[in-house]
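A short worksheet on the structure shown next.
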Amino acid sequence: MKVKYVLLYDTMTYNTYFFSKKVQERDKKIFICNIKDTEKYDYLFDENTKFHLITYTIGEGLIPNSTINFIENNYPRYEIKTISSTGQKNWGKDLFAVAVDKVVEKFPSIKAGLKVELQGTNQDITKIIKIIKEEKYV
């Protein structure tokens, strides 16, 4: 059986993993996959699969190299619709989850998704499900 919705995640401190897991628990039709494991699950994906990516922001507003490398090495095979990011607001509003802005700037075909603090709230989960399933971008 092919999956229609995939939330890919890149994680360092597991915030993106735990957030993704909560999304999948709320909506079983959304398949979650670590970007390091995509080849293992490639047989589940086809041209109708909708990919969304959540990453994290490093330190003072850097995109993880693993995220950049994944996008560069896998597009258009995985045509990523949106990018979201976890972060911490204590870095200040200019740096909070700024990986979203930087990815969108570097890859204009990818739309901005959510900026999520740590492991997200119930509202964040609801919002990302709407983005994934209805493709309503922020």
Side-chain angles (χ1 to χ4, degrees):
M1 178 183 137
K2 302 290 184 181
V3 294
K4 185 170 182 181
Y5 306 107
V6 178
L7 179 57
L8 301 167
Y9 65 89
D10 191 4
T11 194
M12 183 175 72
T13 62
Y14 292 98
N15 285 328
T16 57
Y17 166 73
F18 289 123
F19 178 73
S20 299
K21 192 75 176 151
K22 288 187 235 180
V23 170
Q24 185 180 50
E25 287 168 1
R26 177 94 59 87
D27 190 323
K28 303 284 189 233
K29 292 183 179 180
I30 298 173
F31 182 79
I32 64 168
C33 184
N34 189 311
I35 62 171
K36 296 176 181 119
D37 295 332
T38 54
E39 287 187 24
K40 184 174 14 175
Y41 297 105
D42 203 39
Y43 70 96
L44 294 173
F45 312 144
D46 66 19
E47 66 278 354
N48 298 315
T49 303
K50 310 286 188 206
F51 295 96
H52 300 266
L53 175 60
I54 185 163
T55 189
Y56 54 97
T57 301
I58 301 173
E60 295 189 19
L62 300 175
I63 308 166
N65 284 335
S66 51
T67 297
I68 293 296
N69 290 338
F70 178 79
I71 295 169
E72 288 176 342
N73 294 327
N74 290 286
Y75 189 87
R77 186 166 126 214
Y78 303 125
E79 187 177 339
I80 299 163
K81 302 290 184 188
T82 64
I83 181 75
S84 297
S85 180
T86 58
Q88 288 183 298
K89 290 183 178 176
N90 64 340
W91 286 98
K93 68 179 182 178
D94 293 339
L95 295 176
F96 170 63
V98 75
V100 169
D101 306 317
K102 292 187 175 184
V103 168
V104 168
E105 185 179 309
K106 187 170 176 74
F107 303 97
S109 65
I110 300 174
K111 304 287 184 213
L114 291 181
K115 293 183 176 185
V116 177
E117 186 159 27
L118 300 173
Q119 296 177 20
T121 64
N122 282 329
Q123 287 179 323
D124 294 327
I125 294 166
T126 299
K127 286 179 186 176
I128 197 121
I129 289 170
K130 285 182 180 179
I131 289 171
I132 291 170
K133 295 190 84 178
E134 300 172 18
E135 297 188 17
K136 291 184 179 178
Y137 309 123
V138 179

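- With rounding to the nearest 0.5 angstrom, the CD atom of E79 is 9.5 Å from the CD1 atom of I110.
- With rounding to the nearest 0.5 angstrom, the OH atom of Y56 is 12.5 Å from the CD1 atom of I54.
- More than 12 non-hydrogen atoms from other residues, nucleotides or ligands lie less than 6.0 angstrom from CD of E72.
- More than 12 heavy atoms of other shown residues, nucleotides or ligands fall within 6.0 angstrom of atom NZ in K22.
- Aromatic ring pairs are classed by plane angle as parallel below 30°, tilted from 30° to 60° and perpendicular above 60°; the pair F45 and F51 is perpendicular.
- Residues F70 and L8 form a side-chain contact, since some pair of their non-hydrogen atoms from C-beta on lies under 4.5 Å apart.
- L62 is not connected to V98 by any chain of hydrophobic side-chain contacts under 4.5 Å among Ile, Leu, Val, Met, Phe, Trp and Tyr, and they are in different clusters.
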Q: Could you please spell out the steps behind the side chain to side chain contact (heavy atoms under 4.5 Å, CB included) verdict for F107 and I80?
A: CA-CA 10 Å; F107 303 97; I80 299 163; over 6 Å; no
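- With D124 contributing its side chain and V116 its backbone, the two residues share no donor-acceptor pair below 3.5 Å.
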Q: For K111 and I131, run side chain to side chain contact (heavy atoms under 4.5 Å, CB included): C-alpha distance rounded to whole Å, both residues' side-chain angles, the deciding distance at 0.1 Å, then the answer.
A: CA-CA 10 Å; K111 304 287 184 213; I131 289 171; over 6 Å; no
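- The structure places CD of E25 at 8.0 Å from CD1 of I32, a figure rounded to the nearest 0.5 Å.
- Ring geometry for Y14 against Y17 counts as perpendicular: the plane angle is over 60°, on a 0 to 90° scale with 30° as the lower cut.
- Atoms NZ and CD1, on K127 and I132 in that order, are 14.0 Å from each other to the nearest 0.5 Å.
- Checking side-chain atoms of T16 against main-chain N and O of M12 turns up no donor-acceptor pair under 3.5 Å.
- In this structure, the side chains of E105 and D101 stay at 4.5 Å or more apart for every pair of heavy atoms.
- No side-chain heavy atom of D42 sits less than 4.5 Å from a side-chain heavy atom of T38.
- Here the CG atom belonging to L53 is positioned 8.0 Å from the OG1 atom belonging to T82, to the nearest 0.5 angstrom.
- In this structure, a donor-acceptor pair under 3.5 Å is absent between the side chains of S66 and N69.
- Residues I71 and K106 form no side-chain contact, since every pair of their non-hydrogen atoms from C-beta on lies 4.5 Å or further apart.
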Q. Could you go step by step and tell me if L7 and H52 meet the side chain to side chain contact (heavy atoms under 4.5 Å, CB included) rule?
A. CA-CA 5 Å; L7 179 57; H52 300 266; 4.2 Å; yes
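- Taking each heavy atom of Q119 and F19 in turn, the nearest pair found is O-CD1, 3.2 Å.
- For the side-chain hydrogen bond (donor to acceptor under 3.5 Å, both in side chains) criterion with S85, the lone passing option out of T57, T55, N15 is T57.
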Q: Quick one: do K2 and N48 satisfy side chain to side chain contact (heavy atoms under 4.5 Å, CB included)? Show the steps, please.
A: CA-CA 9 Å; K2 302 290 184 181; N48 298 315; over 6 Å; no
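- Minimum interatomic distance between S84 and I128 (heavy atoms only, all atoms of both residues): OG-CD1, 3.4 Å.
- To the nearest 0.5 Å, atom CG of residue L114 and atom CD of residue Q123 are 11.0 Å apart.
- The minimum heavy-atom distance linking I58 with P64 is given by the pair CD1-CA, 3.6 Å.
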